[in-house]
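Before any comments, here is the structure.
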Amino acid sequence: REGKTSQQIAVLSQLSEAYSALGRYWQAVKTLEAALELAQKSQDAARMPSLLALLGNAHIAIGPPETAQDYLRRALAMARERGDSVLAAGILNNLGNLYTTQKKYPEAIAAYKEAVVLAKAADRRILAARALANAAAAHRWRGEARESRAQLDLALDELRGATPSQETAFALINIGLGYRDLRPSLPDASAPLLLRAAAV
């Protein structure tokens with residue numbers, strides 16, 4: 001109300017994330033479009049990549065995939081241009097998720113692997129673990145069970161000694177589910193995988 005554009009953009013961005021968490025993706029998109037318009041008018045280049053990334057994520061859920069890909073690629077180019085490796089890693093992880101929904105597994109795995117490299121370089125272990133767990137799922141759906149297990153093992157290694165948090169817990173649950181889902185594809189390792197899933 002006081003006309004502070006940067007604060008308006010921040011509030012709209014947070015509101016969009018709340019809408020997304022509730023599954024109200026169309027409202028999230030409308031909110032983000034309003035924030036993006038404010039950022040463009042005020043020439044707030046610093047916020048543009050994250051807003052575009054959030055729009056891409058929302059469109060992964062509601063489609064069309066071409067729109068999601070366009071937003072994510074634009075966001076990635078801007079993040080790279082600004083040297084923001086953490087944001088770039090997050091965008092690459094989400095781009096991998098988009099490719100996975102399209103069953104473009106080689107493209108998804110390549111995006112996840114680049115996300116891991118950037119996340120580890122920035123010492124963002126939880127982000128690296130998420131990308132590794134997602135890569136493991138893509139390998140599993142591609143029929144590459146042993147490679148999937150290797151990625152899960154790496155993901156778990158990234159989280160050893162990580163600070164307890166909701167984000168850490170969510171990543172560990174995802175890894176545990178990955179080990180469980182691998183059991184039918186690796187019958188010789190079924191018991192150890194189940195034990196590992198339970199331990200995670």
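Source: prediction; values computed, not measured.
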Exercise. Would you say Leu87 and Leu92 are hydrophobically clustered, going by side-chain heavy atoms of ILVMFWY under 4.5 Å?
Worked result: yes
Exercise. Looking at CG of Leu98 and CD1 of Ile91, how far apart are the two atoms once the value is rounded to the nearest 0.5 Å?
Worked result: 13.0 Å
Seminar exercise, completed: Pro184 and Asp181 have their tightest heavy-atom pair at CD-O, 3.3 Å
For this session: Test side chain to side chain contact (heavy atoms under 4.5 Å, CB included) on Thr5 and Asp44 and set out the steps.
Result: CA-CA 9 Å; Thr5 305; Asp44 190 345; over 6 Å; no
Exercise. Nearest heavy-atom pair of Ala28 and Ser20: which atoms, and what distance?
Worked result: CB-OG, 3.4 Å
For this session: For Arg140, look at atom CZ and say whether over 12 heavy atoms of other residues, nucleotides or ligands are found less than 6.0 Å away.
Result: yes
For this session: Return yes when atom CD of Gln40 has more than 12 non-hydrogen atoms of other residues, nucleotides or ligands closer than 6.0 Å, and no otherwise.
Result: yes
Exercise. In Å and rounded to the nearest 0.5 Å, what is the NE2 to CG distance from His139 to Leu132?
Worked result: 9.5 Å
Problem set entry | Heavy-atom side-chain contact between Glu147 and Gln151 under 4.5 Å | yes
Exercise. Which pair of non-hydrogen atoms, one from Ala128 and one from Lys120, has the smallest distance, and what is that distance?
Worked result: CB-CG, 3.8 Å
For this session: Using the test side chain to side chain contact (heavy atoms under 4.5 Å, CB included), find all partners of Asn97 that sit at least two apart in sequence or belong to another chain.
Result: Asn93, Asn94, Tyr112, Asn134
For this session: Please determine which of Ile109, Val117, Val116 meets the side-chain contact (heavy atoms from CB on, under 4.5 Å) test together with Lys113.
Result: Ile109
Exercise. Which value, rounded to the nearest 0.5 Å, describes the distance between Arg124 atom CZ and Arg130 atom CZ?
Worked result: 11.0 Å
Exercise. Quick one: does Arg146's side chain have a donor or acceptor within less than 3.5 Å of a partner on Leu186's backbone?
Worked result: no
For this session: Let me know which of Leu32, Thr67, Leu54 forms a side-chain contact (heavy atoms from CB on, under 4.5 Å) with His59.
Result: Thr67
Exercise. Do Leu38 and Leu52 share a hydrophobic cluster, counting only Ile, Leu, Val, Met, Phe, Trp and Tyr and linking them when any side-chain heavy atoms are less than 4.5 Å apart?
Worked result: yes
Exercise. Are Glu37 and Leu12 side-chain neighbours, meaning at least one heavy-atom pair lies under 4.5 Å?
Worked result: no
Exercise. Between Leu118 and Ala88, which heavy-atom pair has the shortest distance, and what is it?
Worked result: CD1-CB, 3.9 Å
For this session: State, yes or no, whether a side-chain contact exists between Pro106 and Arg142 at a heavy-atom distance under 4.5 Å.
Result: yes
Exercise. Honestly curious: do Leu55 and Ile9 fall in one hydrophobic cluster under the side-chain, below-4.5 Å linking rule?
Worked result: yes
For this session: Calculate, to the nearest 0.5 Å, the distance between atoms NZ and CD belonging to Lys30 and Glu33 respectively.
Result: 5.0 Å
Exercise. If you look at every heavy atom in Met48 and Ala39, which pair is closest and at what distance?
Worked result: SD-CB, 3.8 Å
Problem set entry | Residue pair Leu182 / Ala145: nearest heavy atoms and the distance that separates them | CD2-O, 3.7 Å
Let me have the donor-acceptor pairs involving side chains of residues 69-78, under 3.5 Å, with sequence neighbours excluded, atom names and distances please.
unit_1 : atom_1 : unit_2 : atom_2 : d
Arg73  : NH2    : Tyr99  : OH     : 2.5

Exercise. What is the distance from atom OG1 of Thr31 to atom CG of Leu36, rounded to the nearest 0.5 Å?
Worked result: 12.5 Å
Exercise. In Å and rounded to the nearest 0.5 Å, what is the CG to OG distance from Leu51 to Ser16?
Worked result: 8.0 Å
